[in-house]
Every structure is written in C-alpha cells, then in structure tokens.
Protein chains: 2
Amino acid sequence: MTTTSMKDVARAAGVSVGTVSNVLNRPEAVAEETRSRVQAAITELGYVRNDSARQLRAGRSRTVAVVVLDVANPFFTDVVRGAEPLIESAGGVVTVCDSGEDVRRERRHLEILEEQRVLGLLITPVDDTSASWIERLSGHDIPLVLVDRGAGRHPHCSVAVDDVHGGRLAARHLADRGHARIAFVGGPASIPQVADRLAGCREVCEERGVALEVFTTAGLNFAAGREAVEQMLGLAERPTAMFCANDLVALGALQALTMHGVKVPQECAIIGYDDIDFAAAAAVPLSSIRQPRAQLGRTAAQLLFDEIGEGEGHTHRNVVFQPELVARASTAEAL
Amino acid sequence: MTTTSMKDVARAAGVSVGTVSNVLNRPEAVAEETRSRVQAAITELGYVRNDSARQLRAGRSRTVAVVVLDVANPFFTDVVRGAEPLIESAGGVVTVCDSGEDVRRERRHLEILEEQRVLGLLITPVDDTSASWIERLSGHDIPLVLVDRGAGRHPHCSVAVDDVHGGRLAARHLADRGHARIAFVGGPASIPQVADRLAGCREVCEERGVALEVFTTAGLNFAAGREAVEQMLGLAERPTAMFCANDLVALGALQALTMHGVKVPQECAIIGYDDIDFAAAAAVPLSSIRQPRAQLGRTAAQLLFDEIGEGEGHTHRNVVFQPELVARASTAEAL
DNA sequence: ATCCCTTCATGAATCGATTCAAATTCCGCG
DNA sequence: CGCGGAATTTGAATCGATTCATGAAGGGAT
C-alpha cells in the first residue's frame, strides 16, 4: 500500500512506465520536458526503485560478497578495505560475510549468496571441505576469486601469500636469534594457512636442528594465545620462543606471559603473523610476518572483474605475493 | 539458460509449479510421495531458489542491515556479534555497512538499503545531518533502531550508553590522580559520541579546576592519535594526561608517545574509551571506559524485532546503559 | 450407490522493473 | 502539401516465486 511503484509515477506524470524506466536508466533518450516532469513526480511521490524487481529482470544482483574467516581480525578488514574502492567504482555493492572459521556458517552464507544470485565472490575458504560448495557456486556461473589461498588444482583465480615461505622466515629469524627450542601456536590444523605456516616452520627447524613443539588451538584469536601459554608454562622443558599463526594469537600469548611475569623477549620471544596495526602498538612491540593486506584485496577485486568482463574466454590467474619479516622488540636479541 | 527455475523442476517431477512451491514452503501440505519426487528433481537439476523473485512477491527482504561508523573498530564488530544470533535465529540475514564516519558513504548505503527493501536497520548515525535520511527510511516503513545514540526527540527505538557520564568518569579519574592539565583528543566534533564525551569531561574539569586542552581530530583511529601527540609535544605547557575519544585513538597516541620516549603514565597518562580487547594487551595496559558492547547489539536487535512484530501499535523504547571505569597501568599513580 | 468431508494438486494472477518492436510525433525540405 | 527520417513514447511480454480459489481424487458412512 505504502509502496509507490513505477506505475504510480507514470500515472502522476502522465506518461507510460516505459518512459519512467527510461528516465531512470537512459535519461538521454528522453525529451528534456518529459524528463523533468517525471523527475518531479518521482520526488513528489517519494518513489524508490525496487531492487528485487530489477534483479529479477536482470538475472543477477550487483552485490559482490566477501567471505572472510573473522571480521574482527584487522587482517581481513584491511583486505576488505583494499577491495572496496574497485568494487564500488564498478557499480557494485559490497557485503561482508563472516564465516567465523566455521564450515557450517560458511555454508549457510554460501547458500544465501547463491539464492541472491550475487555478481561475484571473494572468499577465504575455511578448509578443504569447503571446496565442494565452492565448486557448486562456480558451476552455477558465479565467478569467484580465492583470497589468501592458492587455487591448487582448482579452476579459479586466486590471490595468495606464500605462507610456507612466511613460516620459514619466522622460524629462520628465531633460529638466527639463537633459539633452539620453539613453539608453534595455532589451529585448527585444518585451516590451510595454519598448515602452511607450520610446514615452513617445520622445514627450517629440521634443517637447523631446532626442537619444535606444536600447540594446536581451536581458533585464531586472543583466547587461543592465552590458553596455549597456560599449557606451555606447565611444561618441564619450556620453549624459549613462540611462533604464533597470527597476530591475534600472539597478542593473547603476550598478554598471558606478561600476566605470569614471564619477560618478553628475555625469557620467551614471540613472533606473530599478518603485521596488523595493533602489532606495533603491543605491550612489547610485536615482530611479525607482514602480508600486503590491502593489495591482496585490491588484486582479488581486479581479478574478479576481469573474469566477469572476459566471460567464457577467461583464463584464470593465480597471483602469489611474498611475505616479509618485520623484526621488533618481541624477538630482540636476548641480553 | 544455465539457471533452473521452478518451472523446470515442476516439469521434471511431473507436477505444477504451485506444488513445487509448496514442497519448499509448506512441505506438510504435500503428500509424502509427491514431495520426495519433487525433492529428487530439485537435487537432480541443482535447483536454487531465486531470492529476488521471492522478495519481489513478498515485498520485503529478510536482510537486517547494521550500519556502523567503522568496521575495523573492534567496538563495532562486537556490537554486530551481539546482534547476529538474534537476527539469524529469527530467520534474518545480517549485512554490515561501513559508513567510515562519512555522511556521503552513509547516505549511499541508505539509498541502496532502501532500494533493497530491507527488513530493518540498526544504525549508528554519523552525525545530526543523518537525521533527515533516517526519517525518510522510517517514513517508508523501514523499522530502525538507533545504536549507541539516544533517540533524542526523534520517534525511534534506541540503545545507547550515557556518553556524557562516561566522559565524567574519565575526567574524574584523571583529576583524582592529581592531573591539573589534561588533553581531550577526538573528532570530528560533529560525531555525537565525541561531543558527549567531551561535554562530560568539560563539566568535571570546570568543577575541579582542571585545565582542558581540546585536540580535534579528523577521525577516530590510530593515525588520529599519533597526529594529536605530534601536535601536543610541540606545546610549551604540555598536558600531563590525555583522554582519548576511543581506544583506537588512545593506542595510536600511546604508540607515538612511546616512540618519542615519553613515559606512560609517568610523564603522560592516557585513558581511552570502549575497552576493546586490545586495550588490555597494549604496550602499557590501557585504562578505559567500558561499554557493554555485545549487549548493545543484542538489545538493539531485540528492539527491532519487537517493533517489527508489534506493527502499528508499537511504542518506542529507549534503553540507556551506564559505562564503567576500568583503571589499568596507563593511568597508574605517578611515582 | 450416493453424499460429504478431507486431503492434494492445479494454474492463473500478481509483485515491479526492464526491454524492444511498433506506433506516434515532429521537422525540414522539395 | 506531402514525404522521409529522426526523435520520442508506448505497452505488452518477461523474469521466477508465491498465493489462493477451484477442482479432483480418495475414503467413510449411510
């Protein structure tokens, strides 16, 4: 009742619905006089386009969804920030979905996004079991780009950072600092990023004869870091350094260590991953492995629109960035 | 072409479209045998409902939008987290829109949300000029709840925290610690939360004879805090404590002070606002004014659905929570 | 065999915007 | 005055799901 449709506007302006539509979509094809009369009717009646009807006709929405593991993680908000400008300047609308590292939540989001016939999708899959759902979307002609994750042998575009190498950088740095017994903290192991970072770390540890203790956590957040520390402090032979799978975990660990009076880095060094803004502002400025967050997002959006634009003849591209060590106080030379 | 519609499913299962619709929406009204035949056809063809068509018919979408000032601010992600469960359990879909403290971005979002005929809206308006747009949505029968902002004399539900009182708490705490010259850092002044916190602060300063220096920033983030410190350090008579309009600003300030070798809290104390998780993990654990973030979100969602449910006869409710001081090292007694 | 009631299934109408072939108007020019 | 062509406008068809009045089929009871 309250809703005003094009038909109402048409009647008020004394024209046909086709003309109203033209005023909205191809104003240059409408005579000046008519156009202003229609515009007047539109503001007069407070008419607002109905996007559902538009989409129904168009067969697609103009929404680009970004599915991330954790919106509260600054890493992902930075990725999204990187992607937004390009998407919006292309007339798209961004919607962010938080899978919370949970496959079930991820799936629910994907179901809804598919029903919404989204224009495209940037997604950081929770784990390998996500693949079948992703293929399904892709099979239904929804273009997508994998973010922070190589495509492997899957037929998709992707932007990723070499996490194995990142793991190596971290481990090598700790080994260089003289640590002979280190802990890796992160999980769940099913998350590809975690597995890769651990793999790189393990490789270096074996090479350099460093003892590696793995603490598998339930998630990648503050609490995980705190819990890992509680567990670690109980050990007879305690590692002298920790490599945390991301900065949130590292900050949680740092907090717990400080609370227990363990000096960082003298009694236990810490290095994180992502180099989020908070890392530098931490109790002890946190060493970390930096990823080009915004660029990851920007490139992902670029690849997506390339794919949309090129249509059938599209060749998938897989972009890999190299991570970079940022050494700060939390891994300073022990005195 | 590639898209399968209900008509295709109906044909494949040898029934009418009406029956397919019933299988999806009221399965109990369909005979067991028919139902399974239709289900089989659905999976066989990989049919996926078209939400646009559904919404067009329904006249409304099932999306609840949350419009926040800054998604990268943990305060807001926590508010969203608080609201989500309730919205989802009511069959809604959450979409988060980031206004970035920018009225133009906010307006663009509102335009789109209106075209999408969203089910409802939780919004933290950028400033008072947002009001006219908000009234417009409201006038078009889109129920909304103001978040972190009293409704004033506007006819809406709202959940808020008493920011004036929060400002008082912070200032009183600093005065109690013996500071006689303090700085308020935050902005832009048009943001109501900033204005209120400053008002409370100013009130106490006058009462207690504390000198107040106001540094107005362009935003509420890390960079703002850093810049304010640069500016402050140039002053002849430097404040001995800073009250920052939120924790991000405070962390930025803390970082800058540390870089300049200014000892916190000995040479300059800091208190923030929001008590985000990072506050406790900061270089110097940050004193802050705590707000019940998750509860703010939960209550907002509750009010929204109350309003949707009650329809015309609805009476608006305005819930106000009280903030709470959390004292940590950054405002410890000067030694 | 008949009538009534329940249970199921049908298919046309509807939501609102877009599209496009066809119709109409308008002009300049011979 | 009439014609060709450009500039506008029209309105019916379409997208896909939902709804609901109508109808058909099945089952008791008499």
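The figures here come from the full heavy-atom set of this structure, side chains too, leaving out hydrogens, waters and symmetry mates. Predicted, not measured: the structure shown is a model, and the values here were computed from it. Chain naming here is simple, since letters A, B, ... match the order of the sequence lines and numbering starts at 1 in each.
With a 6.0 Å radius and a threshold of 12 heavy atoms from other residues, nucleotides or ligands, A/Glu310 has its CD atom above the threshold.
Residues A/Val79 and A/Asp148 have side chains not in contact (no heavy-atom distance under 4.5 Å, counting atoms from C-beta outward). Between A/Leu121 and A/Leu110 there is a side-chain heavy-atom pair separated by less than 4.5 Å. Two residues are said to be in side-chain contact when any heavy atoms from C-beta on lie closer than 4.5 Å; B/Phe305 and B/Ile87 meet this criterion. Counting heavy atoms from C-beta on, the side chains of B/Thr299 and B/Phe321 come closer than 4.5 Å. Two residues are said to be in side-chain contact when any heavy atoms from C-beta on lie closer than 4.5 Å; B/Val126 and B/Leu69 meet this criterion.
Where the helix from C/dA1-D/dT30 to C/dG30-D/dC1 starts and where it ends, the local axes point in directions that differ by 60°; five pairs per end, rounded to 10°.
For the pair A/Glu28 CD and D/dA7 P, the interatomic distance rounds to 12 Å; values are reported in whole Å. The interatomic distance linking A/Glu33 (CD) with D/dT8 (C1') rounds to 12 Å, in whole Å. One interatomic measurement links the two molecules: CG of B/Leu56 to P of D/dC15, which rounds to 14 Å at whole-angstrom precision. In this structure, NZ of B/Lys7 is placed 16 Å from P of C/dT10, rounded to the nearest angstrom. Remark: P of C/dG11 and CZ of B/Arg11 are 13 Å apart, rounded to the nearest angstrom. With rounding to whole Å, B/Asp8 atom CG is found 13 Å from D/dC15 atom C1'. Taking atom CE of residue A/Met6 and atom P of nucleotide D/dT9, one finds them 14 Å apart after rounding to whole Å. One interatomic measurement links the two molecules: CZ of B/Arg26 to C1' of D/dT18, which rounds to 9 Å at whole-angstrom precision.
The minimum heavy-atom distance linking B/Arg62 with B/Gly91 is given by the pair CB-O, 4.1 Å. Nearest heavy-atom pair across A/Arg49 and A/Asn25 is NH2-OD1, 2.9 Å. Of all the heavy atoms in A/Gln55 and B/Ser52, the pair that sits closest is NE2-OG, 3.1 Å.
Remark: the B/Thr63 side chain and the B/Gln116 side chain contain no N/O donor-acceptor pair separated by less than 3.5 Å.
Contacts of A/Ser5 with the nucleic acid, taken as non-hydrogen atoms under 4.0 Å apart, involve only primed sugar atoms and P, OP1 or OP2. Residue-level contact check: B/Val20 touches neither bases nor backbone, having no heavy atom under 4.0 Å from any strand.
Remark: A/Ser99 OG to A/Arg104 CZ distance equals 13.5 Å, nearest 0.5 Å. With rounding to the nearest 0.5 angstrom, the CD1 atom of A/Ile308 is 10.5 Å from the CD1 atom of A/Ile142.
Applying the side chain to side chain contact (heavy atoms under 4.5 Å, CB included) test to A/His154 and every residue at least two apart in sequence or in another chain returns A/Ala131, A/Glu135, A/His156. For B/His140, there are no ring pair (Phe, Tyr, Trp, His ring centres under 6.0 Å) partners at least two apart in sequence or on another chain.
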Polar atom pairs (N or O), protein with nucleotides 10-13 of chain D, under 3.5 Å:
residue, atom, partner, partner atom, Å
D/dT10, OP2, A/Ser16, N, 2.9
D/dT10, OP2, A/Ser16, OG, 3.2
D/dT10, OP2, A/Thr19, OG1, 2.7

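Contacts with DNA chain D (heavy atom under 4.0 Å) in residues 45-55 of chain A: none are found. Contacts of residues 111-121 of chain B with DNA chain C (heavy atom under 4.0 Å): none.
B/Asn25 has a side-chain polar atom (N or O) that falls below the 4.0 Å cut-off from OP1 or OP2 of D/dT18.
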